[in-house]
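One structure below.
Side chains included, hydrogens not; waters and symmetry mates left out as well; all remaining heavy atoms used.
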Amino acid sequence: MNIFALLFKTFFKIGIVTFGGGYAMIPIIETEVVDKHRWLTKTELLDLIAIAQSCPGVFAINISIFIGYKLKKEKGAYCAALATALPSFLIILLIAMFFHQFEDNRVVAAMFRGIRPAVVALIAVPTFNLARQAKINLVNCWIPIGGAFLIWWMGVSPILIIIAAGLAGYAYGQLTQPTEGASK
């Protein structure tokens, strides 16, 4: 199969079978991109998730663009982004066309109330998997907990948290790396 067709098919499938936002897509993206096609390693995917999260735009589109670009430069990025966005666009278009017919339906409202807790689980599982892959443990778990607390309780911008964490990580790396003279 042509690489563009395979890229489109893979990301279209990811886009159409995933509900709950970008983080809910992570297990499917990992299965397709790392395990099945071997386009990335698990470490590369973890780094890509961090980059995609810190960039403006839709998380899943960012990831698809980066992977498409890695494989086939600009054309690959366009192909993967279109494939990821197209299913959602078509579904939203259909819903918009028929929403007025069922917006007050009690059965539909009850279904949405049931879906909400499932979406939380879809987000929680990749979060715990990411924490494990990022080697979050009892020594450094204060970083994501503190960041979440600052965002949720104190209203600090997530952008400031990302910048502060990046600067702190850089400073920590500079302090813990042996100097060139010390290794001789």
(request) Give a yes or no on whether I159 atom CD1 has more than 12 heavy-atom contacts from other residues, nucleotides or ligands under 6.0 Å away. (result) no
(message) I'd like to know if the side chain of N62 and the backbone of I65 have a donor-acceptor N/O pair within less than 3.5 Å.
(response) no
(message) Quick one: does any side-chain atom of E44 pair with a main-chain N or O of T41 as donor and acceptor, under 3.5 Å?
(response) yes
Roughly how far, to the nearest 0.5 Å, is [atom2] of [Y] from [atom1] of [X]?
X: I67; Y: I29; atom1: CD1; atom2: CD1; result: 6.5 Å
X: R132; Y: N137; atom1: CZ; atom2: CG; result: 13.5 Å
X: I136; Y: W142; atom1: CD1; atom2: CH2; result: 10.5 Å
X: F11; Y: I63; atom1: CZ; atom2: CD1; result: 8.0 Å

Would you say [Y] ends up clustered with [X] if hydrophobic residues are merged whenever their side chains have heavy atoms under 4.5 Å apart, either directly or through other cluster members?
X: L6; Y: F4; answer: yes
X: V120; Y: I115; answer: no
X: F128; Y: I26; answer: no
X: I145; Y: I143; answer: no
X: F149; Y: V156; answer: yes

(request) Might you point out which heavy atoms bring P144 and N140 nearest each other, and give the distance in Å? (result) CD-O, 3.5 Å
Output side-chain donor-acceptor pairs under 3.5 Å for residues 45-61, partner residues at least two apart or in another chain, one line each.
unit_1: Q53; atom_1: OE1; unit_2: Y23; atom_2: OH; d: 2.3
unit_1: S54; atom_1: OG; unit_2: A50; atom_2: O; d: 3.2
unit_1: S54; atom_1: OG; unit_2: I51; atom_2: O; d: 3.0

(message) Run the side-chain contact (heavy atoms from CB on, under 4.5 Å) test on Y170 and L167 for me, step by step, so that the C-alpha distance in whole Å, both residues' side-chain angles and the decisive distance to 0.1 Å come before the verdict.
(response) CA-CA 5 Å; Y170 176 77; L167 292 173; 5.6 Å; no
(message) Among R38, E30, K36, which residue satisfies the side chain to side chain contact (heavy atoms under 4.5 Å, CB included) criterion with V34?
(response) E30
Output a table of donor-acceptor pairs, distance under 3.5 Å, between side-chain atoms of residues 69-90 and any protein atom two or more places apart or on a different chain; print 'none' if there are none.
unit_1: K70; atom_1: NZ; unit_2: W39; atom_2: O; d: 3.0
unit_1: T84; atom_1: OG1; unit_2: S64; atom_2: OG; d: 3.3
unit_1: T84; atom_1: OG1; unit_2: A80; atom_2: O; d: 2.8

(request) Assess whether side-chain contact (heavy atoms from CB on, under 4.5 Å) is satisfied between K42 and D35, documenting all intermediate values. (result) CA-CA 9 Å; K42 285 188 181 208; D35 301 333; 4.3 Å; yes
(message) Per the salt bridge (Lys or Arg N to Asp or Glu O under 4.0 Å) rule, what does the pair list look like for residues 7-18, sequence neighbours excluded?
(response) K13-E32
